[in-house]
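Taking it in order: structure first as C-alpha cells, then the write-up.
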Amino acid sequence: MKAEIITIGDEILIGQIVDTNSAWIAEQFNLNGIEIYQITSVHDEHQHIMEALKKAEEKADLVVLTGGLGPTKDDITKNVLCDYFDTKLVFHEPTFEQIKKRFTKFKIDINKLNRDQALVPESCSVLFNKVGTAPGMLFEKNDTIFVSMPGVPFEMKYLVEYQILPRLRESGKTKAIYHKTVLTQGVPESMLAIKIEKWEDALPKNIKLAYLPNPMSVRLRLSAIGVDAEVLKKQVDTEVEKLQQIIPDDIYGFDNETMAEVAGRLLKQQGKTLAVAESCTGGYISHLITSVSGSSEYYKGSVTAYSNEIKMNVLGVTESALKEFGAVSEQVAREMALGVKNAFRSDFAVATTGIAGPGGGTKEKPVGTVWIAVAGEKKVFARKFVLGNDRERNIIRSGQTALQLLRRVILKGL
C-alpha cells in the first residue's frame with residue numbers, strides 16, 4: 001500500500017512551525033507496512049489543495065491530509081473536500097454532542113463557530129475524535145482511501161492510533177514489517193559498503209538495506225516485509241549475526257543505543273571508572289557521558305584544558321612536550337590521558353587535543369587534526385585523525401570516535 005501525506009497550512013510553508021506530523025505518521029505507517037510515496041505541503045488555498053488531491057489520487061492507495069479543520073475562516077479543508085467528492089456539508093449530531101460534552105466539562109460556552117465543527121461532508125465516514133472537537137473524515141474514490149485529520153498533533157495521533165490504523169488492519173491492506181538498525185562507527189560509508197558487499201548482495205529479497213550516515217556514525221537499517229512479524233524478526237536477526245562476523249570491531253550497538261550508553265554499560269558491568277580530559281572537544285564528551293542515566297556510577301569527572309597552562313598545572317603535561325611537539329600532538333594527548341587518570345584515580349581515561357577550526361590550522365597540522373588518547377589499565381593508546389573543516393562536525397566526530405576507542409580498549413582488556 002502506497003500512501004501520500006498532504007499537510008495543509010501556510011504556517012508550514014513560511015517556516016512558522018515545523019511539520020512534525022508527517023514524520024510521526026510516516027513512522028507509524030511504515031511500522032505497519034505502508035509505504036510513504038510522497039509528502040506534500042500546500043497553502044490554505046482551494047485550488048492548491050484540489051490539485052494536490054488529484055495528483056495524489058493518481059499515484060497513491062491512501063491519501064492522508066492534516067490541517068485546515070479548525071473553526072475559523074482560514075480553515076477550508078472541509079469545503080474543498082466537498083467539492084472534490086461532489087458532496088455537501090451536513091450536520092453530524094453525534095459529533096455535536098461530543099463537542100458539547102467537552103465544552104461543558106471545561107465550562108466554555110459554545111458559539112456558532114464551535115457548532116459548525118459538527119458539519120461534515122455527507123459522503124464521508126466520520127472518525128470520532130475523543131480528544132478534540134474536529135472529527136476525522138474518511139472517503140473512498142476510485143480504489144483510493146482519503147483520510148482528513150486535524151493538524152493538532154495530539155488529535156492527529158489519536159485518530160491514527162485508534163481509528164485509521166485499526167481500520168486498515170481489518171481491511172487486510174497492511175503488512176507486517178520489522179526494522180533493525182545496526183550502528184557502526186569509524187568506517188566511511190563507501191568503505192563500509194565494500195566491506196559488506198557480498199553479505200548485502202546475498203540478503204533475502206524481502207529484506208532491504210539502507211545506509212544512514214551522520215557525523216557520529218553510519219547506521220545500517222534492515223527492513224523486512226512479510227506476513228508474520230516473528231518470522232521476520234528471526235530472519236533479520238540471522239542476517240545481523242552474519243554481519244557481526246564480518247565487521248565485529250565496527251559495530252558498537254543497535255537501534256537507538258548511543259556510544260556513550262554502550263561504553264557506560266561496559267564500565268558498569270566491569271565495575272570500572274572513567275575520567276576525561278578535553279581540549280578541542282570543549283566538554284562535549286563529558287556531555288555525552290552524563291546524558292546517560294546512571295553515569296555517576298562509573299564517571300568520575302573531567303577537565304576541560306583549553307590552555308597550555310591548565311594542561312601543565314592541572315593535568316601534569318610537561319612543558320618540554322608542549323614546546324617540542326605542540327599542544328596538538330600524540331605526546332600531549334598521551335600525557336593528558338595519564339594526567340587525568342592519575343588525578344581522578346580512575347581505571348580508564350580519554351583525552352582529546354586538536355584543531356576544531358575554522359581557524360588555527362597550519363600546513364603541518366591542518367584544521368581538523370585531532371589526537372585522541374585512551375589510557376587503559378595496562379597501556380596508553382593514541383591515534384591521529386584529520387577530520388575536515390567544519391568545527392561542529394569535528395567536535396561531534398571527535399567525541400564519538402573517542403568513546404569508540406574507549407569501548408574497544410575496554411573490550412580487549414588493555
If you count heavy atoms of other groups shown closer than 6.0 angstrom to NZ of K300, is the number above 12? yes
Minimum heavy-atom separation for P150 to N129, with atom names? CG-ND2, 4.0 Å
Taking A305's backbone N and O only, do any of them form a donor-acceptor pair with K311's side chain (distance below 3.5 Å, no angle check)? yes
Sub-3.5 Å donor-acceptor pair from the side chain of N394 to the main-chain atoms of G388, do we have one? yes
Which is it for I25 and I39 under the side chain to side chain contact (heavy atoms under 4.5 Å, CB included) test, yes or no, and what are the steps along the way? CA-CA 10 Å; I25 294 170; I39 298 175; over 6 Å; no
Considering only NZ, NE, NH1 and NH2 on the basic side and carboxylate oxygens on the acidic side, decide whether E170 and R167 come within less than 4.0 Å. no
Criterion side chain to side chain donor-acceptor pair (under 3.5 Å) on E57 and Y84, from CA distance to verdict: CA-CA 11 Å; E57 184 184 340; Y84 192 78; 2.4 Å; yes
Starting from the C-alpha separation in whole Å, work towards a yes-or-no answer on side chain to side chain contact (heavy atoms under 4.5 Å, CB included) for R221 and K180. CA-CA 6 Å; R221 187 188 65 219; K180 191 174 187 68; over 6 Å; no
Between T353 and S329, is any pair of side-chain heavy atoms under 4.5 Å apart? no
Rounded distance (nearest 0.5 Å) linking atom CD1 of I164 with atom CD1 of I145: 10.5 Å
Given side chains that start at C-beta, do those of F385 and T401 come closer than 4.5 Å, heavy atoms only? yes
Are the side chain of E278 and the backbone of G283 linked by a donor-acceptor contact shorter than 3.5 Å? yes
Considering only NZ, NE, NH1 and NH2 on the basic side and carboxylate oxygens on the acidic side, decide whether E51 and K55 come within less than 4.0 Å. no
Mind listing the closest non-hydrogen atom pair of Q235 and P204 along with its distance? NE2-CB, 3.5 Å
Just wondering, are more than 12 heavy atoms of other shown residues or ligands nearer than 6.0 Å to CD in E45? yes
Charged N-O contact under 4.0 Å between D228 and K233: no
Are L81 and I49 close enough that some pair of their side-chain heavy atoms sits under 4.5 Å apart? no
Will you find, in the side chains of S398 and Y284, an N or O donor that is under 3.5 Å from an N or O acceptor? no
List the steps, then state whether side chain to side chain contact (heavy atoms under 4.5 Å, CB included) holds for L288 with S291. CA-CA 5 Å; L288 293 176; S291 295; 5.6 Å; no
Neighbour count above 12 (heavy atom, 6.0 Å) for E319 CD: no
Side-chain donor-acceptor pair present, T273, S346, cut-off under 3.5 Å: no
Using a cut-off of 6.0 Å, state whether more than 12 heavy atoms not belonging to N111 lie near its atom CG. yes
Output yes when E257 and R265 qualify as a salt bridge under the 4.0 Å nitrogen-oxygen rule, no when they do not. yes
Rounded distance [0.5 Å steps], CD in Q404 versus CZ in R383: 9.5 Å
Between V182 and Y252, does the side chain to side chain contact (heavy atoms under 4.5 Å, CB included) criterion hold? Intermediate values first, please. CA-CA 8 Å; V182 180; Y252 70 86; over 6 Å; no
Below 4.5 Å, heavy atoms only, C-beta onward: do Q163 and V147 meet side chain to side chain? no
Would you say R391's side chain and G357's backbone share a donor-acceptor pair under 3.5 angstrom? yes
Under 3.5 Å, is there a donor-acceptor pair between the side chain of K78 and the main chain of L69? no
Looking only at the side chains, is there a donor atom on one of E4 and T40 sitting less than 3.5 Å from an acceptor on the other? yes
So, do L403 and I289 sit near enough that their side-chain heavy atoms are less than 4.5 Å apart? yes
Atom pair CG/CG of D249 and L411 - distance to nearest 0.5 Å: 8.5 Å
Does K101 have more than 12 heavy atoms from other residues, nucleotides or ligands lying within 6.0 Å of its NZ? no
Stepwise, does the salt bridge (Lys or Arg N to Asp or Glu O under 4.0 Å) test hold for D250 with R408? CA-CA 10 Å; D250 301 322; R408 290 178 177 177; 3.4 Å; yes
Does the side chain of T352 come under 3.5 Å of the side chain of S279 through a donor N or O and an acceptor N or O? no
Check T144 against A60 and note the closest heavy-atom contact, atom names and distance. OG1-O, 3.2 Å
Closest contact, heavy atoms only, I177 versus N30: CG2-O, 2.8 Å
Do the charged groups of R334 and E330 touch, with an N to O distance under 4.0 Å? yes
Are the side chain of T369 and the backbone N or O of P366 linked by a donor-acceptor pair below 3.5 Å? yes
Q117 to I99 - nearest heavy-atom pair and separation: CB-CD1, 4.0 Å
Taken to the nearest 0.5 Å, the spacing of E189 CD from L220 CG works out to 9.0 Å
Straight-line distance of L414 CG to K378 NZ, nearest 0.5 Å: 7.0 Å
Does the ring of F96 carry R115 above it, NZ/CZ under 6.0 angstrom from centre and within 45° of its axis? yes
Main-chain N/O of T66 paired to N21 side chain as donor or acceptor, under 3.5 Å: no
So, do F139 and V63 sit near enough that their side-chain heavy atoms are less than 4.5 Å apart? no
For the ring pair F128 and Y162, is the centre-to-centre distance below 6.0 Å? no
Greater than 12 external heavy atoms within 6.0 Å of D201's CG: yes
For the pair R397 and Q400, evaluate side chain to side chain donor-acceptor pair (under 3.5 Å) and give the outcome as yes or no after the intermediate values. CA-CA 5 Å; R397 290 178 66 185; Q400 183 79 349; over 6 Å; no
Can you find a pair of side-chain heavy atoms, one from E377 and one from K272, that are under 4.5 Å apart? yes
Do T318 side-chain atoms and A321 backbone N/O form a donor-acceptor pair below 3.5 Å? yes
State whether the side chain of K365 and the backbone N or O of V328 hold a donor-acceptor pair below 3.5 Å, judged by distance alone. yes
For atom CD of E309, decide whether the heavy atoms of other residues, nucleotides or ligands shown that lie under 6.0 angstrom number more than 12. no
Would you say the side chain of D61 lies within less than 4.5 Å of the side chain of K2, judging by non-hydrogen atoms? yes
Exceeds 12 heavy-atom contacts within 6.0 angstrom, atom OH of Y211: yes
Minimal heavy-atom distance between M191 and V187, with the atoms involved, is CB-CG1, 3.8 Å
Roughly how far, to the nearest 0.5 Å, is the CH2 atom of W199 from the CD atom of Q245? 13.0 Å
Give a yes or no on whether the backbone of H43 and the side-chain of H48 come within a donor-acceptor separation of less than 3.5 Å. yes
Do D347 and K341 meet the salt-bridge criterion of a basic N to acidic O distance under 4.0 Å? no
